Peer 1: 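One structure coming up, written as structure tokens, with questions to follow.
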Amino acid sequence: MARPSSRSPALDEGWTRRRRLSVCIVTMSKDFAPGGTGPHRSAYNSRMLQQRTLKSITRAVGVGLHSGQKVEMTLRPAAPDTGIVFRRVDLPQPVEIPANAGSVSDTRMNSTISPGGDPGSPKVQTIEHLMSACAGLGVDNLVVDMTADEVPILDGSSASFVFLLQSAGIVLQDAPKRFMRVLRPVEVRRGEGASLAWARLEPYHGFKLTFEIEFNHPAVDATGQQVSFDMGSGKYKSDIARARTFGFTKDLDLMRSRGLTMGGSMDNAIVVDDSRVLNADGLRYDDEFVKHKILDAIGDLFVVGHPLLASYTAYKSGHAMNNMLLRALLDDPSAYELVTFEDERKAPAGFAELAPAW
Ligand SMILES: [Zn+2]
């Protein structure tokens, strides 16, 4: 379908409205005779699944979980095929850091990126919760201006990022959305016995994740240890986004002595002592710990630069292993291909709809 290649935001808004209306018409016209003519019929036959960006600029101020530093983060709409690009605007010369598997430079406590993956270059830390929100809402293109080196932790989940993105509005762009489809199983593993951990990607027409944790800790063991989530369910916002990061008081002194978790508190994390959760309000989900690991994995995997079409299964994985898995995938060109859907009806269920507004 021919469309203007550049449009004003007002036109974008108009287009989105029209498109939603036409989705509605299609849904309500299942018994419409195929092969008909006219404008609706041609739209029905060839509507591609499009990339998405923000409708307007939005901003958040907070502190970094590890650095404890105050940071202002500005999310800006970006052109098709930009991907998610972070920009350190506090430096004398702004430095751009595209989020891709090769730019990941540190995965010990979070996912940190630097230009070319060089740990000596300017960095942006703790990108995973924002990346997870982008993947959850299907946002492909974004420029993220940062006034410090760490994404604000906000409430420790991705719910605040989801709120920010939806408040700014999400628009469709004039370019096909590109997925990375996994064609054969790829697996990474480490250790054995009690230290065993692994993560695997397998072909799947959609994106689903199954994660199992085992912390050998009474407060964590008392919650759900395994969860499966299918992105096609459209329930990212309600079922995953509110799960917060967590930390153990026994690790705090050591981490703080290394300059880590300087911004952490019960306002932005679940804090667990030797036997129980210390937050006065308890947990947001019965299985909040493992759900946060799913939230992290969604963000870590989106760093590949495209939404994956795959089934991800993991046991005690984390940022490092998730990145190893992406690198193992990219190391084998026969294990994946980039695909678009010229007819969005051929896309996996749930991928064509915009997430419902708050
Ligand atoms: Zn996390």
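All values reported here derive from a predicted model rather than from experimental measurement. All values below come from the heavy atoms of this structure, side chains included, with hydrogens, waters and symmetry mates left out.
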Peer 1: Charged N to carboxylate O below 4.0 Å: is that the case for Arg284 and Asp155?
Peer 2: yes

Peer 1: Between Arg76 and Asp145, does any NZ, NE, NH1 or NH2 come within less than 4.0 Å of an OD or OE carboxylate oxygen?
Peer 2: yes

Peer 1: Enumerate the ring-ring contact (aromatic ring centres under 6.0 Å, His included) contacts for residues 52-109, please, sequence neighbours excluded, ordered by first and then second residue.
Peer 2: none

Peer 1: Return the set of residues passing side chain to side chain donor-acceptor pair (under 3.5 Å) with Arg190 (not counting sequence neighbours), or none when no residue passes.
Peer 2: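 Once residues adjacent in sequence are excluded, Arg190 has no partner under the side chain to side chain donor-acceptor pair (under 3.5 Å) criterion.
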
Peer 1: Yes or no on side chain to side chain contact (heavy atoms under 4.5 Å, CB included) for Val144 and Val151, after CA distance, side-chain angles and deciding distance?
Peer 2: CA-CA 9 Å; Val144 185; Val151 174; 5.8 Å; no

Peer 1: Between atom CG of Leu308 and atom CZ of Phe302, what is the distance when rounded to the nearest 0.5 Å?
Peer 2: 9.5 Å

Peer 1: Do the side-chain N and O atoms of Asn110 and Thr126 include a donor-acceptor pair separated by under 3.5 angstrom?
Peer 2: yes

Peer 1: Taking the side chain as everything from C-beta on, heavy atoms only, tell me whether Ile113 gets closer than 4.5 Å to Lys123.
Peer 2: no

Peer 1: Determine, step by step, whether Asp140 and Thr53 satisfy the side chain to side chain contact (heavy atoms under 4.5 Å, CB included) criterion, reporting the C-alpha distance in whole Å, the side-chain angles of both residues, the deciding distance to 0.1 Å, and the verdict.
Peer 2: CA-CA 6 Å; Asp140 301 280; Thr53 190; over 6 Å; no

Peer 1: Under 6.0 Å from the six-membered ring centre of Tyr285 and within 45° of its axis: does the NZ or CZ of Lys291 meet both?
Peer 2: yes

Peer 1: Crowded around Arg258 CZ? As in, over 12 foreign heavy atoms under 6.0 Å?
Peer 2: no

Peer 1: Using only atom types and a distance under 3.5 Å, with no angle test, would you say the side chain of Ser132 pairs donor to acceptor with the backbone of His129?
Peer 2: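 No.
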
Peer 1: Taking side chain as C-beta onward, heavy atoms only, is Gln51 less than 4.5 Å from Leu172?
Peer 2: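 Gln51 vs Leu172: side chains apart.
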
Peer 1: Is Ser103 reaching over with its side chain to a backbone N or O of Asn100, donor-acceptor style, under 3.5 angstrom?
Peer 2: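 It does hold such a pair.
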
Peer 1: Would you call Ile170 and Val139 a side-chain contact if the rule is heavy atoms closer than 4.5 Å?
Peer 2: yes

Peer 1: Are Pro176 and Leu49 close enough that some pair of their side-chain heavy atoms sits under 4.5 Å apart?
Peer 2: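 A side-chain contact under 4.5 Å is absent here.
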
Peer 1: Can you hop from Val339 to Leu326 via hydrophobic side chains spaced under 4.5 Å?
Peer 2: yes

Peer 1: Check the pair Phe351 / Met231 against side chain to side chain contact (heavy atoms under 4.5 Å, CB included), numbers first and verdict last.
Peer 2: CA-CA 8 Å; Phe351 280 70; Met231 196 65 94; 4.3 Å; yes

Peer 1: Establish, from distance only, whether the side-chain atoms of Asp296 and His292 form a donor-acceptor pair under 3.5 Å.
Peer 2: yes

Peer 1: Can you check whether Thr223 reaches Leu283 side chain to side chain, under 4.5 Å on heavy atoms?
Peer 2: yes

Peer 1: Any carboxylate oxygen within less than 4.0 angstrom of a Lys/Arg side-chain nitrogen, looking at Lys346 and Glu344?
Peer 2: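 No salt bridge links Lys346 with Glu344.
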
Peer 1: Walk me through it: do Tyr312 and Leu325 pass the test side chain to side chain contact (heavy atoms under 4.5 Å, CB included)?
Peer 2: CA-CA 10 Å; Tyr312 164 91; Leu325 182 63; 3.8 Å; yes

Peer 1: Between Pro203 and Pro185, what is the shortest heavy-atom contact and its length?
Peer 2: CD-N, 4.1 Å

Peer 1: For the residue pair Phe246 and Phe289, categorise the inter-ring angle as parallel (less than 30°), tilted (30 to 60°) or perpendicular (more than 60°).
Peer 2: perpendicular

Peer 1: Do Ser114 and Ser121 pair up side chain to side chain, a donor and an acceptor below 3.5 Å, judged on atom types alone?
Peer 2: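 Side-chain D/A pair, Ser114 to Ser121: absent.
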
Peer 1: Return the NZ to CG distance between Lys250 and Asp274, rounded to the nearest 0.5 Å.
Peer 2: 7.5 Å

Peer 1: For residues 202-230, pull every pair meeting salt bridge (Lys or Arg N to Asp or Glu O under 4.0 Å), keeping only residues two or more places apart or in separate chains.
Peer 2: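 Residue pairs passing salt bridge (Lys or Arg N to Asp or Glu O under 4.0 Å), neighbours aside: none found.
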
Peer 1: Inspect the surroundings of CG in Asp281 and state if more than 12 heavy atoms from other residues, nucleotides or ligands are less than 6.0 Å away.
Peer 2: no

Peer 1: Could you tell me whether the side chains of Asp300 and Ser111 share a donor-acceptor contact shorter than 3.5 Å?
Peer 2: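 Side chains of Asp300 and Ser111: pair found under 3.5 Å.
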
Peer 1: More than 12 foreign heavy atoms under 6.0 Å from CG of Asp286: is that the case here?
Peer 2: no

Peer 1: In this structure, would Leu252 and Met266 fall into the same cluster of hydrophobic residues linked by side-chain contacts under 4.5 Å?
Peer 2: no

Peer 1: Indicate whether the side chain of Ser67 and that of Glu150 have a donor and an acceptor atom separated by less than 3.5 Å.
Peer 2: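 Ser67 vs Glu150: donor-acceptor pair found between side chains.
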
